[in-house]
Amino acid sequence: MASRDLHTFLACCTIVLILESVLKTSAVTPLTDFMFSKSVTNHGDLAMYSRIFDKFNDKRCLKITAIGGSVTEGHWNYTRIPVNLRWPGLLAALLNARFPCNDPVGHVAQNQARGATPTSAWIEILTGQQEVQFQGVDLVLLETAVNQGAEREQAQIDAEILMSMVTKQSRRSMTKSQLEQATTSDGQFIRGFTGTAAMWVVASTRRYIPVWTGVPYERISDAMYAQLPVAQHHGVPIISAIDALGPFPTSELQAWFNQTWYEGDPIHPNQRGHILIADLVFHYLKTAYEHTRLFQWHALPKDYIPREPMFLSQDILNMFLDQTPIKINLANMNDILRRNVTRCSGWWTYADVPEKIGFIANNVGASCVVPLKSDEVSRLSVGMAHVLMYKSYENMGMFKMAIMKGQMGVNGVCEGADDPNVQVLGSMIVDSLWKSKASLAEVSILHFQLPTASDKSACLLVHLDVVESKPARLKNKVKLLGISFF
């Protein structure tokens, strides 16, 4: 199909979707069966989807949540695609046309995407509350491959944690009776399935990294190949728009991809791309459902059985699934002020770019001390702090964080910030400038020594400083979003 014909066809599809009047059960994009087949890079364990398929069969409505980055948030060429025309909304329209349900509201797809938010940042956002965030949700669509900037080993760890937060029960959400039933006679805890299915969606890839030609076949412009073994082990499907369309070995194919997918944007697909992504996810759900209705040899399993972690230890995974960390929201000045911060210079909470608020310092010497009170310290059990901060490729500086041991004073203030002999429990220096041509929220981890349990008046003084880099830089911006303490 010529490029001009493709543009015309897809433009008509856009009008069809906006009107929502002639949606059919077949595909609305000009994709071949082979392209649909290529898009499913992992088919997954259909037992995870048995409850979804039963709802289709019984005409009950689905509640879907999409989390991801700026692609799913609708960014394109410095504009925003309307909410109802982003791929999660289009997916809901397709489902309502093919699988009408009893509730007049129909199938609902909540788009909770946040720009510049990779897998590790989503983990920090959800930790301690994931069972609340996903309560009553049938399917969570995970679109984090484009923003995953970590090395492959860390990317796989992050993917396993985030996926487990969707599919594995937290002890926090279980009653005493349920905990007893899930514990074997030898004290082993058997973690159950939440009932919420997961799906990885690869919605785009980065154009300014060399275009994926298929040589080598594994591409580095998104994290699909890092997420793949995690998905295979746990039986989670991956639907990839890029694998449906590519690879692009010739200059003609590369030009076609740039003109019909990005249309001037280096990362985000245009409106036609959102139609295509929605259709791919819809096609998987439709064809998998039809398969389960036709399969006659034996009854398919009704309950998904969670797998043991493969890419990190069970103890670390338990920390993310079960613990409730102490969180400081540095993007909210009220959360900072209520902690009785007594010394803070050169830091402000504001949005340096639209809709992206952070705790920002621009100059070397900026310093702030944020306390954790003794009652919060008593709830910590690991001695680990996760700092969610922005990293970018220009204008960024060096950030130092040190945790000191203080003592609660009679006035309820954590004292010792100016004591030169205060005990240092841990420190780190992080460069927020990196070579990757992207601005993303990343997590830096500081391990620190916990005060002894017998010291009931011990508090923590968290020092946040901008320090000089070597060689010195003209600009030294540091932007923090929050800190989670375990």
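Along the sequence shown, residues carry numbers from 1. Worth knowing before you read on, the calculation uses all heavy atoms, side chains too, and leaves out hydrogens, waters and symmetry mates.
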- Query: Could you give the distance from CD (Q271) to CG (L90), rounded to the nearest 0.5 Å?
  - Reply: 6.0 Å
- Item | L280 vs I277, side chain to side chain contact (heavy atoms under 4.5 Å, CB included): CA-CA, chis, key distance, verdict | CA-CA 5 Å; L280 291 174; I277 296 162; 5.7 Å; no
- Query: Got a sec: does the CD of E153 have more than 12 other heavy atoms crowding it under 6.0 Å?
  - Reply: no
- Item | Note, P237 side chain near Y49 side chain (heavy atom, < 4.5 Å) | yes
- Item | N/O donor-acceptor pair under 3.5 Å between N84 side chain and G89 backbone | no
- Message: Do R114 and I125 have side chains that approach each other closer than 4.5 Å (heavy atoms only, starting at C-beta)?
- Response: yes
- Report yes if the side chains of K286 and L94 come closer than 4.5 Å at any heavy-atom pair, otherwise no. no
- Query: Are T196 and R51 side-chain neighbours, meaning at least one heavy-atom pair lies under 4.5 Å?
  - Reply: no
- Item | Reported CG-to-OG1 distance for the pair D45 and T167, which is rounded to 0.5 angstrom | 11.0 Å
- Note on the structure: Value for CD1 (I67) from CG (L142), rounded to nearest 0.5 Å, stands at 5.0 Å
- Task: Could you please spell out the steps behind the ring pair (Phe, Tyr, Trp, His ring centres under 6.0 Å) verdict for F36 and Y284?
- Result: CA-CA 8 Å; F36 280 116; Y284 174 85; over 10 Å; no
- Message: I'd like to know whether CD of Q135 has more than 12 heavy-atom contacts from other residues, nucleotides or ligands below 6.0 angstrom.
- Response: no
- Any idea which heavy atoms bring A197 and V166 closest together, and the distance? O-CG1, 3.9 Å
- Query: Mind checking whether W261 and S204 have side chains closer than 4.5 Å, heavy atoms only?
  - Reply: yes
- Item | Aromatic ring proximity, centroids under 6.0 angstrom, W212 and Y217 | yes
- Could you tell me whether the side chain of T117 and the main chain of A121 form a donor-acceptor pair under 3.5 Å? no
- Residue pair L245 / K38: nearest heavy atoms and the distance that separates them: C-NZ, 4.4 Å
- Message: I'd like to know whether CG of D33 has more than 12 heavy-atom contacts from other residues, nucleotides or ligands below 6.0 angstrom.
- Response: no
- Do other residues, nucleotides or ligands put more than 12 heavy atoms under 6.0 Å from I305 CD1? no
- Query: Would you say the side-chain atoms of T349 pair up with the backbone N or O of A331, donor to acceptor, closer than 3.5 Å?
  - Reply: no
- Student check: side-chain heavy atoms of R152 and Y225 closer than 4.5 Å: yes
- Message: Does any part of the side chain of L285, heavy atoms only, come nearer than 4.5 Å to the side chain of M199, both counted from C-beta?
- Response: yes
- Message: I'd like to know if the side chain of N111 reaches the main chain of T72, judged simply by a donor and an acceptor atom lying under 3.5 Å from each other, with no hydrogens or angles considered.
- Response: yes
- Task: With the side chain counted from C-beta on, respond yes when V478 and V430 share a heavy-atom pair under 4.5 Å apart, and no when they do not.
- Result: no
- Message: Testing the basics here: between S120 and A441, what is the closest heavy-atom pair and its distance to 0.1 Å?
- Response: OG-O, 4.4 Å
- Query: What class does the angle between the rings of F56 and H107 fall in, given that below 30° is parallel, 30 to 60° is tilted and above 60° is perpendicular?
  - Reply: perpendicular
- Task: Please check if atom CD in E151 has more than 12 non-hydrogen atoms from other residues, nucleotides or ligands closer than 6.0 Å.
- Result: no
- Item | Any donor-acceptor N/O pair, R60 side chain to C101 backbone, under 3.5 Å | no
- Message: Using a 3.5 Å distance criterion without hydrogens, assess whether the side chain of H233 forms a donor-acceptor pair with backbone atoms of E308.
- Response: yes
- Message: For D243, is there an ion pair with R219 - N to carboxylate O distance below 4.0 angstrom?
- Response: yes
- Message: For Q133 and Q112: C-alpha separation, side-chain torsions, deciding distance, then whether side chain to side chain donor-acceptor pair (under 3.5 Å) applies.
- Response: CA-CA 10 Å; Q133 187 80 15; Q112 298 186 5; 2.4 Å; yes
- Measuring from R379:CZ to T324:OG1, what's the distance to the nearest 0.5 Å? 7.5 Å
- Query: Taking all atoms of both residues into account, what is the closest heavy-atom pair of Q156 and V230, and its distance?
  - Reply: O-CG2, 3.6 Å
- With a cut-off of under 6.0 Å to the ring centre and 45° to the axis, is R98 in cation-pi contact with F282? no
- Query: Should V443 and I123 be marked as a side chain to side chain contact (heavy atoms under 4.5 Å, CB included) after you check the CA-CA gap, both sets of side-chain angles, and the distance that decides it?
  - Reply: CA-CA 10 Å; V443 176; I123 292 169; over 6 Å; no
- Message: With a 3.5 Å distance limit and no angle check, can you tell me whether N270 reaches the backbone of W76 through a side-chain donor-acceptor pair?
- Response: no
- Query: Given the rule in the side chain to side chain contact (heavy atoms under 4.5 Å, CB included) test, do L141 and W87 qualify, once you have shown the distances and angles that lead to the verdict?
  - Reply: CA-CA 11 Å; L141 303 167; W87 68 266; 3.5 Å; yes
- Can you tell me if S70 uses its side chain to pair, donor with acceptor, with the backbone of E73 under 3.5 Å? no
- Message: Test your reading of the model: is there a side-chain donor-acceptor pair from K356 to the backbone of G115, 3.5 Å cut-off?
- Response: no
- Donor-acceptor pair, side chain of R86 and main chain of I81, under 3.5 angstrom: yes
- Query: Between N258 and Q254, does a side chain to side chain donor-acceptor pair (under 3.5 Å) hold up when you go through it step by step?
  - Reply: CA-CA 6 Å; N258 287 335; Q254 291 169 20; over 6 Å; no
- Item | Basic-acidic side-chain contact under 4.0 Å: K63, D103 | no
- Message: Check this for me: L179, atom CG, are more than 12 non-hydrogen atoms of other residues, nucleotides or ligands nearer than 6.0 Å?
- Response: yes
- Message: Working note: V211 + L253, criterion side chain to side chain contact (heavy atoms under 4.5 Å, CB included); need CA distance, chi angles, decisive distance, verdict.
- Response: CA-CA 10 Å; V211 175; L253 278 172; over 6 Å; no
- Task: Over 60° means perpendicular and under 30° means parallel, so classify the ring planes of Y304 and F193, tilted if in between.
- Result: perpendicular
- Query: Parallel under 30°, tilted from 30 to 60°, perpendicular over 60°: which one fits the rings of F248 and W256?
  - Reply: tilted
- Query: For the atom pair OH (Y393) and CG (L440), what is the distance rounded to the nearest 0.5 Å?
  - Reply: 10.5 Å
- d(K477 NZ, S432 OG) to nearest 0.5 Å is 9.0 Å
- Task: Start with the C-alpha gap between Q130 and R172, add the side-chain angles, then the distance that decides, and say whether side chain to side chain donor-acceptor pair (under 3.5 Å) holds.
- Result: CA-CA 10 Å; Q130 74 271 15; R172 288 189 307 268; 2.9 Å; yes
- Item | Minimum-distance pair of heavy atoms, taken over all atoms of G69 and E143 | N-OE1, 3.1 Å
- Of the options M48, H234, K168, which is the one that meets P306 in a side-chain contact (heavy atoms from CB on, under 4.5 Å)? K168
- Between M401 and A385, what is the shortest heavy-atom contact and its length? CE-CB, 3.9 Å
